Amino acid sequence: FLVNSRRRIPRGLKLPPGPPKKFLVGNVFDMPKEREWETFGKWAKEYGEIVHVKLFSTDVIYVNSRRMAYELFEKRSSIYSDRTPFPMINDVMGWTWGMPFQKYGEYWRRLRRAMHEKFHHGMVDTFKPAQRKHARDLLRRLLSTPQDYPEHVRHVAGAVIMEITYGIHIKPENDPYLIVGEKATRALGEVHIPGTFLVDIFPWMKYIPHWMPGATFKRKGREWAKYISDMKELPFQTTKTAMVQGTADSCFVTSHLEDLELLKEVPADQEDIIKNTAGIVFTGGSDTIVKMTITFILAMLLYPEVQKKAQEELDHLLAGVRLVEFEDEPELPYISAICKEVLRWHPLIPQGVAHATSEDDILGEYFIPKGTIVVGNSWALLHDETDFGPDTDKFIPERYFSPGVRDPALTGAFGYGRRICPGSHMAQNSLFIQIALILQVFDISGPRDTTGRELPLEYSFTSGFFLFPNDFKCSIRPRSKSAQELILQSHAA
Ligand code: HEM
């Protein structure tokens, strides 16, 4: 394989630099198993802004600078917007309907259009009432059982996404839609790093029967496929039934299905497009925000001076008279800076979602073959001191007040080019209202024992596709009696 691909390289060109390759396997054994960004960062220092790696016959390039990301994902977006076939995800687990895993083509365009129509910058205000209502519910939940904060954050993110996507109001505890959704997204987190499953390197393996010894991936895949299908089908059918009965609440699905009725000519599978887009909104829309909110809580623990400064800003504006609202955002530059820093400090998807080339390309002296996996090294871009100022490993919201510092949302935190996250505006609104409300009424500090004595803080981050803190203990207490009152009255208005 290695020899074949080398023979394809046109005369006078070469593959980009990268770690030395072994015969047949290439760099398979060089691939890190944890804290991947450190290895990729080291390679970036050694080999430069574009690094080539070979996994058996598959070419992979890591894009390590904003300049190069712009060159490839934006200027050459017609070549760099494809995805690899993802045999494990698509063929074994049955995600073939999911927008993130689609080849760059007409079907992807239709899904993307359906999402963009309701999630673009000018439309996301329609979601704010649901986001506000559930963010306030989060406060009440945190007041009542603060130690269960991860569950509360998960519940609330799920409640928002189910309401805006399907008009479904979930159960206060153990909601069946959320349970299935979590199982489906957890499975995705396990499989999404290129090369984790051999079937992604040797696609013929997808034909191995599930009962064969060694075909664990097929058995796991079959189990996951059931959750994935249920996650997409069950809430959609509930909303359709509610529409027929005249009881459906207005949401992404009803709004699209109503639009359909008004159209004269509609492709036969347009309803599937709506269902599949709704399914991916459900998948991408809750877990991502949960993980980012938990990262925010950890940041507040580790940087109490940031928390204090944010609370001063909120107190100055609101004087404890009412709870913060979306409309206050322009008056809260420090809170906005915290939201940006949460996206940057430990980016949720540090190696992005891999793109792929749909054609051969030439980049100066380098040849990039068709089908190359192209990884935007978001960790490296978001920790580049030229763009974000000094000490990029630290959580420093003040950096955004210096001239020329970039917005992480436009520098890899939400991906790149034509594939950039279509949920980013909605996600940023959710983060803003939750972060502002939590900071206004709670103090977040290290864990304490039953007598109130502080205990040592222990924390770590995950490795893999998603980067977020593993479970950690902390203390979340109302800042004052009047803050507690505001929380208890937050049902009203
Ligand atoms: C803070 C939260 C979020 C982060 C950090 C995030 C990040 C990302 C990233 C890095 C990508 C890959 C883009 C690329 O391929 O270059 C992506 C894709 C995507 N995201 Fe998000 N996302 C978030 C929230 C959401 C939400 C709330 C939704 C839905 C409402 C969503 C839906 C999607 C979809 C559908 C794609 C696939 C786009 C495509 O392949 O064309 N995401 N996201």
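Keep in mind that this is a model prediction, so the values were computed, not measured. Remember, it's 1-based here, ligands and their atoms both numbered in the order they're listed.
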Between Phe442 and Gln307 the two heavy atoms that sit nearest each other are O-OE1, 3.9 Å
Shortest non-hydrogen pair, Gln131 vs Ile433, comes out as O-CG2, 4.0 Å
Numbering the atoms of ligand 1 from 1, which are under 4.0 Å from a heavy atom of [X]?
| X | result |
| --- | --- |
| Val281 | 30 (C) |
| Phe119 | 30 (C) |
| His355 | 14 (C), 15 (O), 16 (O) |
| Arg112 | 38 (C), 39 (C), 41 (O) |
| Met426 | 27 (C) |
| Val353 | 11 (C), 12 (C), 15 (O) |
| Ile280 | 35 (C) |

Point to revise | Any Trp108 heavy atom less than 4.0 Å from ligand 1 | key: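 For ligand 1, residue contact (heavy atoms, under 4.0 Å) with Trp108 is present.
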- Does ligand 1 have an atom that lies less than 4.0 angstrom from a heavy atom of Arg83?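 Checking ligand 1 against Arg83, which is what was asked, there is a heavy-atom contact under 4.0 Å.
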Item to complete: Verify side chain to side chain contact (heavy atoms under 4.5 Å, CB included) between Val160 and Met426, making sure each step is shown before the conclusion.
Response: CA-CA 11 Å; Val160 171; Met426 179 260 167; 4.0 Å; yes
Identify the protein heavy atom lying closest to atom 5 (C) of ligand 1, giving its residue, its atom name and the separation to 0.1 Å.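 The closest heavy atom on the protein side is Ala413 O, 3.6 Å.
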For atom 1 (C) of ligand 1, what's the nearest protein heavy atom and its distance?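 Going by distance alone, atom 1 (C) of ligand 1 is nearest to Met292 CG, 3.6 Å.
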Sequence neighbours excluded, which residues qualify as side chain to side chain contact (heavy atoms under 4.5 Å, CB included) partners of Pro422?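 With neighbours one apart ignored, the set is Met99, Arg112, Met115.
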**Request:** Could you count the protein N, O or S atoms found under 2.8 Å away from atom 21 (Fe) of ligand 1?
**Result:**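 Count of protein N, O, S atoms less than 2.8 Å from atom 21 (Fe) of ligand 1: 1.
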Is Lys183 close enough and on-axis enough to Trp224, meaning under 6.0 Å and within 45°, for cation-pi?
no
- With a 4.0 Å heavy-atom cut-off (strictly under), which part of Arg418 contacts ligand 1: side chain, backbone, both or neither?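 Neither part.
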Short version for Met115: what comes under 4.0 Å of ligand 1, heavy atoms counted, is side chain
task: Answer yes or no: does an N/O atom from Arg419 fall short of 3.5 Å to an N/O atom of ligand 1?
output: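 Yes, there is a polar N/O contact under 3.5 Å.
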With side chain to side chain contact (heavy atoms under 4.5 Å, CB included) as the criterion, how do Asp30 and Val53 come out once you've worked through the C-alpha distance, each side chain's angles and the decisive distance to 0.1 Å? CA-CA 9 Å; Asp30 300 323; Val53 160; over 6 Å; no
- Task: Report yes if some heavy atom in the side chain of Ser490 is under 4.5 Å from a heavy atom in the side chain of Leu437; otherwise report no.
- Result: no
> So, do Phe388 and Thr411 sit near enough that their side-chain heavy atoms are less than 4.5 Å apart?
Replying inline: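 With C-beta onward as the side chain, the pair touches.
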Separation between OG1 (Thr241) and CZ (Phe236), nearest 0.5 Å, reads 10.0 Å
**Message:** Can you list everything that forms a ring-ring contact (aromatic ring centres under 6.0 Å, His included) with His346? Sequence neighbours excluded, please.
**Reply:**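 Scan of His346 (ring-ring contact (aromatic ring centres under 6.0 Å, His included), adjacent residues dropped) gives Trp379, Phe461.
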message = Holding to salt bridge (charged side-chain N to carboxylate O under 4.0 Å, His left out), I want the full list of residues that pass it with Lys75, two or more places apart in sequence or in another chain.
response =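 Salt bridge (charged side-chain N to carboxylate O under 4.0 Å, His left out) check on Lys75 returns Glu71.
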Item to complete: Assess whether salt bridge (Lys or Arg N to Asp or Glu O under 4.0 Å) is satisfied between Glu151 and Arg154, documenting all intermediate values.
Response: CA-CA 5 Å; Glu151 264 159 58; Arg154 243 191 310 278; 5.4 Å; no
Would you say Glu163's side chain and Ala130's backbone share a donor-acceptor pair under 3.5 angstrom?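 A pair under 3.5 Å: no.
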